[in-house]
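Because only heavy atoms are used, hydrogens play no part in the values below, and waters and symmetry mates are left out as well, while side chains stay in. Residue numbers start at 1 and run along the sequence shown.
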Amino acid sequence: QVKLVESGGGSVQAGGSLTLTCELSGYPWGYPCMGWFRQIPGKEREGVAILSTHTKDTYYSDSVKGRFTISQEQVENTVHLRMNALKPDDTAMYYCAAEAQIGRDCPRLASSYDHWGQGTQVTVSS
């Protein structure tokens, strides 16, 4: 059974940093795409950082580029999202997702991912 568990959310003041961690277990299909998505009530889930665990290619949304970094631990299917220079607009529920990589690039839409964690809340105060 595929399982993703996020940790590391919390409350921080604007300009601060947080690191989220996602641990994937039970994934039987080789090297998945792993991504971080975020969602606020009433809005669609947005992909913010995506990593190909096969090619190590990364994607960042324009809203987080230069501030967030997605990385992978070498041995396990564990990814981190380092978030620097946090802004109140970054406040959201953050979800980790995994999906098989079919093409050259990992999918960027939430609808393309079948496996999700429970989410971790990030709150940035001004």
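- Here the closest non-hydrogen pair linking Gln39 and Ala92 is O-CB, 3.5 Å.
- By the neighbour-count criterion of 12 heavy atoms within 6.0 Å, atom NZ of Lys56 is densely surrounded, having more than that number from other residues, nucleotides or ligands.
- Leu86 CG to Arg67 CZ: the interatomic distance, rounded to the nearest 0.5 Å, is 6.5 Å.
- Atoms SG and CG, from Cys96 and Leu24 in turn, are 7.5 Å apart once rounded to the nearest 0.5 Å.
- When Glu73, Glu6, His80 are each tested for a side-chain hydrogen bond (donor to acceptor under 3.5 Å, both in side chains) with Thr21, only one passes: His80.
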Steps toward side chain to side chain donor-acceptor pair (under 3.5 Å) verdict (Thr55, Gln101): CA-CA 10 Å; Thr55 67; Gln101 182 166 356; 4.7 Å; no
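- Contact record, Thr91 with Val124: OG1-N, 2.8 Å, taken as the closest heavy-atom pair.
- In this structure, the side chains of Val64 and Met83 stay at 4.5 Å or more apart for every pair of heavy atoms.
- Side-chain atoms of Gln13 do not come within 3.5 Å of backbone N or O of Ser125 as any donor-acceptor pair.
- Proximity of a side-chain donor or acceptor of Tyr27 to a complementary backbone N or O of Ala100 within less than 3.5 Å is detected.
- Cluster membership for Ile50 and Trp36, using ILVMFWY side-chain heavy atoms within less than 4.5 angstrom, is not shared.
- Nearest heavy-atom pair, Leu51 versus Cys106, reported as atom, atom and distance to 0.1 Å: O-SG, 3.9 Å.
- The ring-ring contact (aromatic ring centres under 6.0 Å, His included) test with Phe37 is passed by exactly one of Tyr94, Tyr59, Tyr95, Tyr113: Tyr113.
- The aromatic rings of Tyr31 and His54 sit tilted, their planes meeting at an angle between 30° and 60°.
- Rounded to the nearest 0.5 angstrom, Phe68 CZ and Arg38 CZ are separated by 5.5 Å.
- For the pair Thr53 (side chain) and Pro32 (backbone), a donor-acceptor distance under 3.5 Å is present.
- Pairing each heavy atom of Asn84 with each of Ser17, the nearest pair is OD1-OG, 2.9 Å.
- Between Asp90 and Lys87, no side-chain nitrogen of the basic residue sits less than 4.0 Å from a carboxylate oxygen of the acidic one, so the salt-bridge criterion is not met.
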Would you sort out whether Met34 and Leu4 count as a side-chain contact (heavy atoms from CB on, under 4.5 Å), showing the intermediate values? CA-CA 10 Å; Met34 294 186 71; Leu4 294 112; 4.2 Å; yes
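- Taken from CE in Met93 to OG1 in Thr123, the straight-line distance is 8.5 Å, to the nearest 0.5 Å.
- Under a 3.5 Å cut-off, the side chain of Thr78 and the backbone N or O of Glu23 do not form any donor-acceptor pair.
- Taking each heavy atom of Pro28 and Val2 in turn, the nearest pair found is CD-CG2, 4.3 Å.
- Here CZ of Arg82 is found 10.0 Å from CG of Leu20. Values are rounded to the nearest 0.5 Å.
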